[in-house]
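Heads up, the thing below is written out as structure tokens.
Since we're looking at a predicted model, the values are computed, not measured.
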Amino acid sequence: MPEGRVVEALFEGLCRRHPVDLRPQPGMAERWEISPDGRTYTFYLRADARWSDGSPLTADDFRYSFRRFLAPETLGEYGYQLWYVKNAKRFSTQGAAPGERVEVELPRAAGAVNTSAPPTLVGTLRRVETAGDRKTFHVEIDGRIRKFSSQPADADVERCAWVLLHFDEVGVRVVNPRRLELTLEHPTPYFLDILSFYPLSPVNRRCLETHGAPQWTRAENLVSNGPFRMQWRRIRDRIRLVKNEQYWNRDAVKLGVVDVLAVEGSTTMLNMYLTGQADWITDVPPMVAPELMASRPQEFAPTPMLGTYFYRFNVTKPPFDKAEVRRALTLAIDRRSIVDTAARMGQVPAYSLVPPGIAGYDPAECGAENLDEARRLLAAAGFPGGRGFPKFELVYNTQDAHKAIAEMIQDRWKRTLGIDVGLRNLEWGVFLDTVRMLDYRTARASWIGDYADPNTFLDMFMSKNENNQTGWSDAEYDRLVEAAAAEADPVRRMRTLRAAETILMRELPIMPIYFYVSRDLVRPYVRGFHKNVRDEHPLWALEIDDAERREVLAREARR
């Protein structure tokens, strides 16, 4: 979410979300049409859609961006969000079949990585040979069969990076510069919500291919299309955003300058807020939360969110490869004590991944605290009384509340199960890399729904989802989530998703802890800040009442 707030200020997709009720509304597309069968979406781009450098933004920019987003080279963690588009998953996973047109991407020349597009050949796939992990693709190009592999074993096999289904076969079609057509595999009721999500924003091809990654994201290089542009960035200090005068709705953007502060500690955040250095902070120390709710109810009023705080287990590392161990650890924690003592903002204990409150869905639960059963399961796994259980580390990112919760769980597992747990606190970027690379045993995690549907939580733990990050895989779980995606009947669809969550709560590659509430502390002179279930507050919708700001800060200075 911290990164998302910045990205949503800098970029905008075909749709954007209404700041009050989060309904998809026109963004770069001024309007759209949906076919009667719900599978084809036609978007009409604005005549004044422009990049921050003044160049036109066209349907071709979306086609380029979606192709890059889906390409296996990019390894986008959210790539699966576009797999609803016809043949998008097959493109991402090298799923071309014999007889189909393919793109053979060759290795880039030295020094060309992440800049220009890789050299590409076009042909027809005739055959695929598999030998262990190595695949050899027989492709007919200009009437001649050529063999390609990313791991060539024979002299007559050419090295390639990827052999992909030709992108023309994917349901992304440019009708003209202002008209884009997307065809889906099946009707998807939340597809416009997905298109409102910031990973589906376009990127500027000339910027990206001129500068390469990550240099294209530097302030002096970045070309964006959102309500703001990046003026400068100082590492570990702030990112300065300024109003983008090329933005189609620039007259509605009231803030001229926004400083996004790089602050990890919630105590430091609070001090900056109380001394007038910040107008909005996204977290407060749990110890002072009750006092703030009482003394500043207009500024701090936590409300329920569509989000879950949980721990991941790395099931590729013993003993967490045993479901009995994961279930024992999950049954042993005291969620009520955690929310009352460490969280202290009205969070609700969680026994499922999907939060309550989604219309038509009844979450499947893992079961409440049961120490006797936890001890029995641990003994059944070979660790009676915790004997022989290897010491491991619980990893969390820097934040006071995360530390307090980790310490409570550490103490609980030691006292009730006889298990020794170390704690490892990591800086945010290092933490993300550590979890992504499965270099952990147990790690703190959270998920805020990208849209109001159980699928946004459940598809994350499918086998090939980049956001899974547990090493867990279950064929029946995958089948059920995929079946739900294709199910037209809403009641059967929710029933199928619940069956999938039942498997997840039985196998427990994750340990639900609590459901989120918002933790924003916002000055009363900030206008346009509306509570919602995703805690999403677009900067383009906010403004400052300068007269009230002067009055508030002067009053506080006199205290």
Side-chain angles (χ1 to χ4, degrees), residues 1-4 77 263-267 269 282-287 289 305-317 320 325-326 329-345 347-355 366 391-414 419-449 457 460-461 466-472 504 508-519 535:
M1 290 191 73
E3 297 86 353
E77 292 182 2
V263 182
E264 280 191 321
S266 56
T267 300
M269 283 190 208
T282 58
D283 197 13
V284 301
M287 292 298 106
M305 284 178 59
L306 192 67
T308 307
Y309 188 106
F310 60 96
Y311 279 3
R312 282 183 168 93
F313 295 120
N314 182 353
V315 306
T316 69
K317 305 284 188 183
F320 300 102
V325 167
R326 303 191 298 268
L329 295 175
T330 300
L331 290 172
I333 65 169
D334 185 349
R335 293 168 177 80
R336 174 52 62 188
S337 291
I338 289 172
V339 298
D340 289 347
T341 305
R344 304 191 68 182
M345 296 185 205
Q347 292 91 338
V348 176
Y351 300 95
S352 60
L353 173 63
V354 181
C366 61
K391 185 173 182 178
F392 66 96
E393 287 186 322
L394 194 165
V395 178
Y396 62 94
N397 58 291
T398 304
Q399 195 183 84
D400 299 340
H402 300 334
K403 181 174 184 288
I405 292 170
E407 288 174 342
M408 289 189 69
I409 290 176
Q410 175 193 43
D411 176 70
R412 180 75 173 180
W413 283 341
K414 174 64 176 177
I419 292 174
D420 288 320
V421 185
L423 302 182
R424 182 156 56 115
N425 170 30
L426 297 176
E427 179 271 330
W428 181 235
V430 177
F431 172 80
L432 291 177
D433 288 341
T434 298
V435 175
R436 187 178 297 120
M437 296 170 64
L438 295 183
D439 185 22
Y440 75 94
R441 298 302 191 274
T442 304
R444 174 260 161 190
S446 64
W447 194 257
I448 307 300
F457 292 89
M460 174 171 46
F461 291 100
E466 290 289 337
N467 282 312
N468 184 320
Q469 298 174 356
T470 65
W472 181 73
L504 189 71
L508 291 173
I510 61 168
M511 180 175 74
I513 298 176
Y514 65 71
F515 297 123
Y516 270 105
V517 295
S518 62
R519 294 162 293 169
D535 196 25

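Rounded to the nearest 0.5 angstrom, L329 CG and T442 OG1 are separated by 7.0 Å. Here OG1 of T308 is found 8.0 Å from CD1 of I510. Values are rounded to the nearest 0.5 Å. Note that CG of D400 is 4.5 Å distant from OG1 of T267, once rounded to the nearest 0.5 Å. Within the model, atoms NE2 of H402 and OG of S446 stand 6.5 Å from one another, a figure rounded to the nearest 0.5 Å. For the atom pair CE (M511) and CZ (R312), the distance works out to 13.0 Å, reported to the nearest 0.5 Å. Atom NZ of K403 and atom CG of L423 lie 8.0 Å apart (nearest 0.5 Å).
Each of N425, L426, N314 was scored for a side-chain contact (heavy atoms from CB on, under 4.5 Å) with V395, with one residue passing: L426. When each of F515, Y514, Y516 is tested with P355 by the rule side-chain contact (heavy atoms from CB on, under 4.5 Å), just one qualifies, namely F515.
Between A289 and M345, the shortest heavy-atom contact is CB-CG, 3.6 Å. Heavy-atom minimum distance, A342 versus A404: CB-CB, 4.0 Å. Taking all atoms of both residues into account, the shortest heavy-atom contact from P512 to L508 is CD-CD2, 4.4 Å. In terms of heavy-atom proximity, I333 sits nearest to R412 at CA-CG, 4.1 Å.
Side-chain atoms of R336 do not come within 3.5 Å of backbone N or O of P349 as any donor-acceptor pair.
A search for ring pair (Phe, Tyr, Trp, His ring centres under 6.0 Å) contacts involving F320 returns F313, F392, not counting sequence neighbours. Judged as a salt bridge (Lys or Arg N to Asp or Glu O under 4.0 Å), and not counting sequence neighbours, R444 has no contacts. Remark: K414 engages D420 in a salt bridge (Lys or Arg N to Asp or Glu O under 4.0 Å) (not counting sequence neighbours). For R335, there are no salt bridge (Lys or Arg N to Asp or Glu O under 4.0 Å) partners at least two apart in sequence or on another chain. The ring pair (Phe, Tyr, Trp, His ring centres under 6.0 Å) search around Y396 returns none, not counting sequence neighbours. Taking R519 as the reference, D283 meet the salt bridge (Lys or Arg N to Asp or Glu O under 4.0 Å) condition, with sequence neighbours excluded.
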Q: Please assess W472 against L504 for the test side-chain contact (heavy atoms from CB on, under 4.5 Å), listing each intermediate value before the final yes or no.
A: CA-CA 10 Å; W472 181 73; L504 189 71; 3.6 Å; yes
Q. Where do V354 and W447 land on the side-chain contact (heavy atoms from CB on, under 4.5 Å) test, with the steps shown first?
A. CA-CA 10 Å; V354 181; W447 194 257; over 6 Å; no
Q.
Test side-chain contact (heavy atoms from CB on, under 4.5 Å) on K317 and L438; report intermediate values, then the result.
A. CA-CA 9 Å; K317 305 284 188 183; L438 295 183; 5.7 Å; no
Q) Could you walk me through whether L394 and Y311 pass the side-chain contact (heavy atoms from CB on, under 4.5 Å) check? A) CA-CA 9 Å; L394 194 165; Y311 279 3; 3.4 Å; yes
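Counting only heavy atoms from C-beta outward, the side chains of I448 and M1 approach each other to under 4.5 Å. With contacts defined as side-chain heavy-atom distances shorter than 4.5 Å, the pair Y309/V339 does not qualify. Here the side chains of M287 and R344 are in contact, with some heavy-atom distance below 4.5 Å. For the pair E77 and L432, the minimum side-chain heavy-atom distance is 4.5 Å or more. Residues Q347 and I338 are not in side-chain contact: their nearest non-hydrogen atoms beyond the backbone lie 4.5 Å or more apart.
Using a cut-off of 4.0 Å between Lys/Arg side-chain N and Asp/Glu carboxylate O, D433 and R436 are scored as salt-bridged.
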